[in-house]
Peer 1: 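Sharing a structure below in structure tokens format, with a few things to ask.
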2 protein chains.
Amino acid sequence: MNMKYKTVIVDDHPIVISGIAGLLSDLNDIEIVEKFESGIALLDYIEDNKVDLILMDIFLPVINGVDLCKTIKQKHPKIVILGMSSQSERSLVMQFIQNGGNGYILKNASFDEFKECIYKAIDGEIVFSEEVKTIISQPLSEDLERIPGLSRRERDIALLLSQGKSTQEIADDLFLSFLTVQTHRRNILQKYKMKNVAELIAFLLKNNMLN
Amino acid sequence: MNMKYKTVIVDDHPIVISGIAGLLSDLNDIEIVEKFESGIALLDYIEDNKVDLILMDIFLPVINGVDLCKTIKQKHPKIVILGMSSQSERSLVMQFIQNGGNGYILKNASFDEFKECIYKAIDGEIVFSEEVKTIISQPLSEDLERIPGLSRRERDIALLLSQGKSTQEIADDLFLSFLTVQTHRRNILQKYKMKNVAELIAFLLKNNMLN
DNA sequence: AAAAAAATACATTTTATCAGGTATTGACCT
DNA sequence: AGGTCAATACCTGATAAAATGTATTTTTTT
């Protein structure tokens, strides 16, 4: 049968769109049915047209790629969505996948890499281009290590703080003095040079230091 | 050449260890060199012995799989580490990958799935067994939807809050009255029934509602 | 054009946090 | 045996946040 995968490209740089379109034109079973420069236009389109595969830039005007992906997957879980960007960082890639993305490709990937990722994604895999793999699997060294860890007690207290507990409530929970908890809390804030608990919680969660 | 992949299994259930060992014994190029019931023993072992592949349970006594993986990858980034568990949830899998894991397999996966995942992981891919893919790519419906979103302004303010800014600082940043920011802040807290900003930030980050 | 939602602004009271300094005890490491 | 770190506890003053209530204007949606 001649059922091509109906593919849509979304990127706010027309040059990139044509580049990708050129790359994909060689593939017999991929048919580019539309190209968009914004996510809103795409959302309208997929309501009325069958789409199998979407290649989208992550940095889009108005609505970003992560939210766009989330929105699409809610209504159309079967559409395969691959994210793209020129540069990237680990947390962004992970966020994209967590919101339903089927893979992530850096735009500097080779034609072969693009091709391979696309076919594997269609096949149900979750794919990353080489450089993305490097990014996500080497969070080590420079990225975010060298930060002193929380002590047991400090982690307990930080966890309760993230649950919205007040100093007094934490003291009651852990059978400690209000003043002890206050000291721990201050020590944690000082250790990471955070201005307040809100910033601290954001920091700890982003660095996987809670849980 | 006859270079087998030196493989280690870590699981606190001996029965599971022998089960996996049985599965893998059929594979010619995989050699199981050791089996451990705790992460500490594994850490000792890899200091003195060459290891290519580690299959580890995520739920381990003393040190959990995520931390264990992180620790190993810091010193030995080339070791391929696959996480396993009987049941799982999206956030745990993502955390494992973010900490250097090369893939995640649910223990109910078929022999073929295990085999395929292992070979692909050795080959440099990041792999998930079928059910894991389902879990991570369908966060929709029941999991975390039905929560009202932040308005633009609210998101701006929440973001600044997560950066440790005070109400006054936010007001200055956004050229708003102190009182306006105070109102927004209160509205956000009420909308999600959060006790304070710390809990709010934790909630927003966990649900990817910031950024 | 009407209704709903979002953004704006004000005022007050109570409660909690932040930042400063200090000190004792036990555990662990060498 | 001495040093370091973690955990515990206390005190106080300045500042900020939380809880309430109200109200106007703009924007968006229907």
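Values in this document were obtained by computation on a predicted structure and should not be read as measured data. Just so it is clear: chains get the letters A, B, ... in the order the sequence lines come, proteins before strands, and each one is counted from 1.
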Peer 1: Could you please name the option among C/dA6, C/dT8, C/dC18 that lies closest to any side-chain atom of B/Arg153?
Peer 2: C/dT8
Peer 1: Any carboxylate oxygen within less than 4.0 angstrom of a Lys/Arg side-chain nitrogen, looking at B/Lys107 and B/Asp11?
Peer 2: yes
Peer 1: Do A/Asn102 side-chain atoms and A/Ile81 backbone N/O form a donor-acceptor pair below 3.5 Å?
Peer 2: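 Indeed, once roles are kept as given, a pair shorter than 3.5 Å links the two residues.
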Peer 1: Record whether the side chain of B/Thr183 comes under 3.5 Å of the base of C/dA9 through a donor-acceptor pair of N or O atoms.
Peer 2: yes
Peer 1: Identify whether the distance between the nearest side-chain nitrogen and carboxylate oxygen of A/Glu154 and A/Arg185 falls below 4.0 Å.
Peer 2: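 Looking at A/Glu154 and A/Arg185, the cut-off is not met.
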Peer 1: Would you say the side chain of A/Arg186 and the base of C/dT17 hold a donor-acceptor pair, judged only by whether the two atoms sit under 3.5 Å apart?
Peer 2: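 There is none.
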Peer 1: Taking only the side-chain nitrogens and oxygens of B/Thr167, find out if one of them lies under 4.0 Å from OP1 or OP2 of D/dA16.
Peer 2: no
Peer 1: Taking 4.0 Å as the cut-off, does a side-chain nitrogen or oxygen of A/His184 come that near to OP1 or OP2 on D/dT8?
Peer 2: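 Answer is yes, contact under 4.0 Å.
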Peer 1: Provide, to the nearest angstrom, the distance between the CG atom belonging to A/Asn187 and the C1' atom belonging to C/dA19.
Peer 2: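 Taking atom C1' of C/dA19 as the reference, CG of A/Asn187 is at 12 Å.
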Peer 1: Between C/dC18 atom C1' and A/Gln190 atom CD, what is the distance in whole Å?
Peer 2: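 Distance check: A/Gln190 CD to C/dC18 C1' gives 10 Å.
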Peer 1: For the side chain of B/Glu154, counting heavy atoms from C-beta on, which of C/dA7, C/dT12, C/dT8 is nearest?
Peer 2: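 Nucleotide nearest to B/Glu154's side chain: C/dA7.
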Peer 1: 5'-most contact on DNA chain C: B/Asn196 or B/Arg152, nearest heavy atom basis?
Peer 2: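 First, find each residue's nearest nucleotide; the 5'-ward one identifies B/Arg152.
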Peer 1: Under a 4.0 Å N-O cut-off, is there an ion pair linking A/Glu125 with B/Lys133?
Peer 2: no
Peer 1: Looking for any heavy atom pair under 4.0 Å, which part of the strands does A/Thr180 touch: base, sugar-phosphate only, or nothing?
Peer 2: base
Peer 1: Judged by each residue's nearest nucleotide on DNA chain C, which is more toward the 5′ side, B/Phe175 or A/Lys165?
Peer 2: B/Phe175
Peer 1: Does B/Arg185 reach a base, just sugar-phosphate, or nothing at all? Heavy atoms under 4.0 Å.
Peer 2: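 Sugar-phosphate, backbone atoms only, no base.
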Peer 1: Please confirm whether the backbone N or O of A/Glu130 pairs with a side-chain atom of A/Glu113, one donor and one acceptor, at under 3.5 Å?
Peer 2: yes
Peer 1: Tell me the interatomic distance from A/Glu199, atom CD, to C/dC18, atom P, rounded to whole angstroms.
Peer 2: 11 Å
Peer 1: Can you measure A/Leu150 atom CG to D/dC5 atom P for me and round it to whole angstrom units?
Peer 2: 16 Å
Peer 1: Which is true for A/Gln168 with a 4.0 Å heavy-atom rule: it touches a base, it touches only sugar-phosphate, or it touches nothing?
Peer 2: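 No contact at all - A/Gln168 keeps every heavy atom at 4.0 Å or more from the nucleic acid.
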Peer 1: Whole Å only: how far is the CD atom of B/Glu169 from the P atom of D/dT15?
Peer 2: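 From B/Glu169 CD to D/dT15 P: 14 Å.
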Peer 1: Could you tell me the separation between the CZ atom of B/Phe178 and the P atom of D/dA17, rounded to a whole number of Å?
Peer 2: 7 Å
Peer 1: Is the phosphate of D/dT8, meaning OP1 or OP2, less than 4.0 Å from a side-chain N or O of A/Ser177?
Peer 2: no
Peer 1: Among the nucleotides C/dA11, C/dA19, D/dA18, which one has an atom lying closest to any side-chain atom of B/Leu179?
Peer 2: C/dA11
